[in-house]
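What follows is a short report on a single structure.
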Amino acid sequence: MADAAPRRVSLLATSGLTRRYAGLVAVDGVDLTVPEGGVHALIGPNGAGKTTLFNLVSGLVAPSSGNIRFAGADITRLAADRRARLGMARTFQNIRVFGAMTLLENALTGLHPRLTSSLVGIVARLPAFRREERHAVARAREALALVGLASRAEERAAALSYGDQRRLEIARAMAGAPRLLLLDEPAAGMNPAETVALSALIRTIVGTGTTVLLVEHDMHFVMNLSDSVTVLNFGRRIFSGPPAEARADPGVIEAYLGTKVAARLAGR
Amino acid sequence: MLQVIGLTVAYGRTEAVRGIDLSVAQGQVVTLIGANGAGKTTILRTLSGLIRPRAGRIVLDGQDIAGMRPHRIAARGMVQVPEGRQIFASLTVAENLVLGGWTQRGAAETQRRRDSVLGRFPRLRERLTQNAGALSGGEQQMLAIGRALMATPRLLLLDEPSMGLAPLFIEEIFAIIAELKADGVTILLVEQNASAALEVADIAHVLEVGRVTLSGPAARVAADPAVVAAYLGG
Amino acid sequence: PVPVGAVEILSGPNAAYGIAIKAGLDLALDAVNAKGVLGGRPIALTVEDSGGTKDGAINAARKLIGRDKVVALIGPTLSNEMFAVGPVTNARGVPTIGTSTTAQGITDIGPFIFRTSLPESDVLPVTLKKAIARGAKTIALLYANDDAFSKSGFDTMQAAARAAGLRIVATESFGSKDTDFSAQLTKIKSLNPDAIGISALVEPISGVMLQARQLGLGKETLFIGGNGANSPKLGQIAGAAADGMLVGSPWFVAKPDRLNQDFVTAFRAKYGKEPDQFAAQAYDAMLILAEAIDRAGVAEPAKIRDALLATDHTGPMGPFHFTDHRDPSSTEGVVVLEMHGGAFRIAD
Amino acid sequence: MEAWLDDLFWTYQNLVVSLGINGLLALSMYVVLAAGQLSLGQAAFMGLGAYSSVLMTLAWGWPFWLVLPASCVAPVAFALAVGGPTLRLSGVYLAIATIGMGEVLRAIYLNVDALGGALGLSGIPEQASPLLIYAVLAAALAVLWLVGRSGLGRAMEAMREDATAAEATGVDVRRMRLGVLVASAVLAGLAGALSAHATDFIGPNDYGFEPAVTILSFALLGGVGSPFGPVLGASVLTLLPEVFRDFANLRLVFNGIVIVLAVLFLPRGLLAWRMPRRAA
Amino acid sequence: MLAQQLANGVLLGATYALFALGFTLMFGVLRVINLVYGFYFTAGAFFSLWLAQAGWPLIAALPAAAVGAGVVAVALDWLLLTRLRRAHADELASLMVTLGAVLALYAAATAWLGPDIRRLPPDLVGGGAVDAIGVRVTFAQLLILAACGALVGLLVLLVRGTTLGLAIRAMAEKPDAAALMGIDTARLAALVSFISGSLAGAGGVLIGLNFNAIHPYMGEQMMLRGFVVVIVGGLGDIFGALLAGLLLGVVEVLTAGYLASGLKEAVGFAILVLVLWTRPAGLFGRADARRA
Ligand SMILES: Nc1ncnc2c1ncn2[C@@H]1O[C@H](COP(=O)(O)OP(=O)(O)OP(=O)(O)O)[C@@H](O)[C@H]1O
Ligand SMILES: Nc1ncnc2c1ncn2[C@@H]1O[C@H](COP(=O)(O)OP(=O)(O)OP(=O)(O)O)[C@@H](O)[C@H]1O
Ligand SMILES: [Mg+2]
Ligand SMILES: [Mg+2]
């Protein structure tokens, strides 16, 4: 491997990515590159197409045109579960935890792509299966600990409050140690103190080598945390660059931030 | 206008709200702040009749409404914008608005409310014939608020109305709250955006694991060092 | 008392048959127990419900034999049930008498399986002869293909029609729960056969008659019913639409002989309605069994079986004997009936 | 053995057999329900298992030890054939599609003379002993219990809760759906072969719409939190009509009322307990 | 013959559609798989039978029987489903409870009324028939066609054209949120039950009249077809149910008329399965617009 040139491939790259719905183009020819490592933010007004872009990237929605590369491979036509196996994980804007399952089982589901035991192994209770299962439980507990829910591991997920369910989604996504983590509005429903804790959590996640791409409307959070920012408006990319430039960009201010927020951000 | 006395609510064996007292006077904006899981949503759901309280009284306009069915409570002018929006995904935006005005008989009044809602949220006007389920998260939040405004509420219960909204819209939402207040609408506001909430509110209550730990005029609560540390990201 | 069991459909959509049979059995039991068997012992009849299902029928039969220790069994109602129950009772050596199981192969199950219902193969040739006498040269066949009784009756009808030299112009089927037969009838009408033979239970036959008239099939077409058509319900449901239908049978309500008239009178008195063929067959079966028990001298299944083989009985259905293969032997008394004004009378 | 004991067993032999077979059918329903699919093809699978096994026994003279495993072949092939297209369907749509296919099969049994038509096939040797039936049932329970506690079990429950989220966490939803359909076909096919070889006779009407609904009700009454629920549900629903035998023509009335009350007061099934989804 | 067969198909299809109308409302809109539905059909037929025997003319007996069946539906809905609704039990629980109930109801009706087939007085509609272009149609059949058309129209008006329909759909989707809007969900559910039950009752009368056979289990025998028609037509889609009913009727009749009558059901069902394969949400179903 030593002679392979150290290519600086981006972890995720979309080109000309487009998704049309009857009567509107939700995502319109977006080129997005996310380098390996760090936190990258996707912001934009309500309805700009951020969630749709996430759905395209994670494979839940098929693109009308354009393509998506992940870790150097073209994944445009890959099913969502294949993408998860390649190391992509996500959370949802409208929370989707498995309500009837315990927190631990939710987290274990996140490890699903990493389990290799065959049906025979499972039924015969082969040592390899038991080792794998023990290992998985340990990993899942770590993931719950990461988000501060370890003590509630055996509770039903449906009984969690809104904010806690968001954290559980992050734990589920992180259990599988993904290369890329997509977070759709992780701070929604959290108060400023909790948001600060979330920032710390995301830093920890980045520290483990996972790249984070997030959508968020909390600008303090985004600006303090991100290494780069992409701004969408009406499905189109209107800005891409470091956060400091984004909050000064007149187009971004006009479309999204508004002068007050921009001023407050600048004042900090 | 609204008095809550010794309210206790439980899910099975766990008590999520333990004997709280609250009161909301005519024309006031009262805010309820607290960490995730403190019981804010539980309180609002109980006020609207979606959950039966285990103990305590809920007095609206001098009448105990604890245990009353939700549609009757709504008909009395206490209207809620629920957490997580709860818009009718399979109906169109326009249809969602019509349903918001369900308690409002009279086509002219409905039309007037609708115009004013669409005036506030032009984005909804563009999406009128679209299925609400296909709206973006923020658009859904606008719809949820707009839907509640269709009912001409006297007392509006808002559960995290700014959640998922772009900064420009959050400003808009708080402006609307201020406007509604000016129009004489009484508001009980649950918010994570505590600084903005404390700014519009007259009275604030801090909720911790089902108990009220601090109450008072919003300005005083906002100045409390513990609150600053815990909720204002100070 | 001498314990005797019966397995019949008393619940569910097909309960009408089991209930009619039970009525016949109970009526016969009154007569039998008036003087008793084996020197004055009464017969204790336990009727169990099969619900019309295979498992229900087996469970009922096993309960009767294993728990109630019955020495003989009447039923079950449907041929399909008998195919499931017969092997069980036969292996246990308990004589089992089907009263309404007309399908082919029933008595092949084993030496303990009897039946008192006349197989259609004995009746249909007589009916077809009448039809031919009235000028029929071509025939269309129509049957319910999802129950054993109707399907078996159809097979017989087809064979009998061929044997009688009728030309079969169409063969159509339907489901026994169907209510619409218009497609089949329209097709048959377009082929313009002289006669239409129908093998099914009485409900669909009534439906067929009603719709045939609605579609304009008139008196010029002869309708021939199988065993299932011989029921007062045909008139009750189809009314005048059923007029002209020919059915061959050893029995019908208005059969003038004294035994039958006594039976019909008693039945009316007890139940306030007309008996049908199912009730009449059950009535005779109960009498045949009681006589056999008496003749056997002891209430033992094997002896009763042997005594049954020697049956020489005359009842409402007419004179009755078993063949060596435990089927009814006699076709004496089969007459061809014709519907007229909602009731059967002997065809001229 | 004591004569009375012998009699007792003889009396209830068929009930004992039905309990085992219905338990298997309930499990076949459970596998699909546990993965969030509402298939009503179980009766059809059972019919295929029954008819194919009877042909093997009667027409080809195969020994039963060979017939039993081979009885899964036709149901599985059918599951694979219909599985592909129907995977797009979910909920009641899938239920109706599978019922429709069951009705098509029934029409085939009725119209193909080699299958006996309405007369069915009789004279089947009684080769399935209660012992064998219960051994198969126990094995099925054990496998489902073990699988349920593995990653596969978690994936199934996740699919039931939210198929999209499950897919996004890496569950191959399509493959799992096909997998559970095949597993369900195996169980129902075995049940069909066993029941055919326990009662001498099979007929086309044993595998139609009503049996399909009955099998569903086994699982629902028992509760699908664990494989034990459906087996319990099947036992109760099999025994009830016998318990109410003395009510004669009112037995179905009582039977129905018991079901109504059970569901009203235990909406998540008689056994609402949810099995843990992990092995360590 | 083709003309007559097509007419047969349309008429058979109309009976399927008539049965399915109320079912699609209850099942498609309320999302309750209510197996008791078939019993309302039976109830309507028996009510009309009794009224007709008491000398009522059809024009009065039909609506009265429909109302009677509607009342039965409301009572049963209240008895069986309110508790489950309040507990937010899933739709399979309602399926199960109605399964138990329908078992008990048919059996009780059979025990009470006897299993025999009854027939409406023959002079209720007059046994006449119309003969035109080689097609024969009876008055009863014409009545079914007309009723089918009228009821479809009324239902469409109700569900699409009024806010009541909106409220029903909203409640079906999110009962809690609907209650927050001030909608009395319990009363609305009762109303839907009533409408759906009386549609079933009217169907029972007309179909009982056409086939001249009224018996306790008559509703059960329609259920399988009812399911298929509702699903293929698209849940809650009234026009869909009409067209799917007609399609099923015509396919069955043409199969019986030109292919083989033994395959009538098989071909009917096979075609329906194919429809579902190609259009998974029913004939006119739009792909579910809810988002990932
Ligand atoms: N399935 C769909 N059908 C029709 N329109 C859709 C669909 N999904 C999304 N849209 C439309 O596409 C646009 C982009 O939606 P998207 O959810 O991606 O926005 P967003 O940027 O995530 O907004 P928010 O910040 O409010 O969540 C919206 O206007 C939405 O109404
Ligand atoms: N359906 C439920 N069953 C059991 N426990 C519940 C249920 N809903 C909420 N709880 C519990 O009640 C407590 C209060 O929850 P609630 O949703 O009221 O919190 P909240 O203050 O609104 O939080 P958030 O800010 O996250 O929305 C939490 O501990 C939660 O786990
Ligand atoms: Mg979004
Ligand atoms: Mg909350």
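What you are looking at is a predicted structure, and each value in this text was computed from that prediction instead of being measured. Each chain gets a letter, A, B and so on, in the order the sequences are listed, and its residues count up from 1. No hydrogens, no waters, no symmetry mates; every other heavy atom, side chains included, goes into these values.
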Non-hydrogen atoms of A:Arg85 and D:Asp172 that approach each other most closely: NH2-N, 4.4 Å
Heavy-atom contact with chain D under 4.5 Å, split by part of A:Arg114: neither
Contact winner vs chain A - D:Leu146, D:Val173, D:Val147, heavy-atom pairs under 4.5 Å: D:Leu146
Heavy-atom pairs under 4.5 Å with chain D, option from A:Gly110, A:Ala84, A:Ala100 with the top count: A:Ala100
Least distance between heavy atoms, D:Ala165 atom then A:Phe98 atom: CB-CE2, 3.9 Å
Atom group of D:Ala166 that falls short of 4.5 Å from chain A, counting heavy atoms: both
Point-to-point distance, once rounded to the nearest 0.5 Å, from NE2 of A:His112 to OG1 of D:Thr169: 7.5 Å
Heavy-atom pair of closest approach, residues A:Phe92 and D:Ala168: CZ-CB, 3.8 Å
Engaged part of A:Leu104 at the chain D interface, taking heavy atoms whose separation is under 4.5 Å: side chain
Residue part contacting chain D, namely of A:Val123, when any heavy atom lies under 4.5 Å: both
A:Glu169 versus chain D, the contacting section by heavy-atom distance below 4.5 Å: neither
Under 4.5 Å from any heavy atom of chain A - which part of D:Arg274: side chain
Side-chain heavy-atom pair A:Leu119, D:Leu152 within 4.5 angstrom cut-off: yes
Engaged part of A:Leu108 at the chain D interface, taking heavy atoms whose separation is under 4.5 Å: both
Salt bridge (charged side-chain N to carboxylate O under 4.0 Å, His left out) partner of A:Glu133, chosen from D:Arg278, D:Arg277, D:Arg154: D:Arg154
Reported OG-to-CZ distance for the pair D:Ser150 and A:Arg125, which is rounded to 0.5 angstrom: 7.5 Å
Shortest non-hydrogen contact from A:Pro113 toward D:Gly170: CG-CA, 3.9 Å
Which portion of A:Arg83 sits near chain D, non-hydrogen atoms under 4.5 angstrom: neither
Over 12 non-hydrogen atoms of neighbours within 6.0 angstrom of CZ in D:Arg149: yes
Engaged part of A:Ser117 at the chain D interface, taking heavy atoms whose separation is under 4.5 Å: neither
Residue part contacting chain D, namely of A:Thr109, when any heavy atom lies under 4.5 Å: both
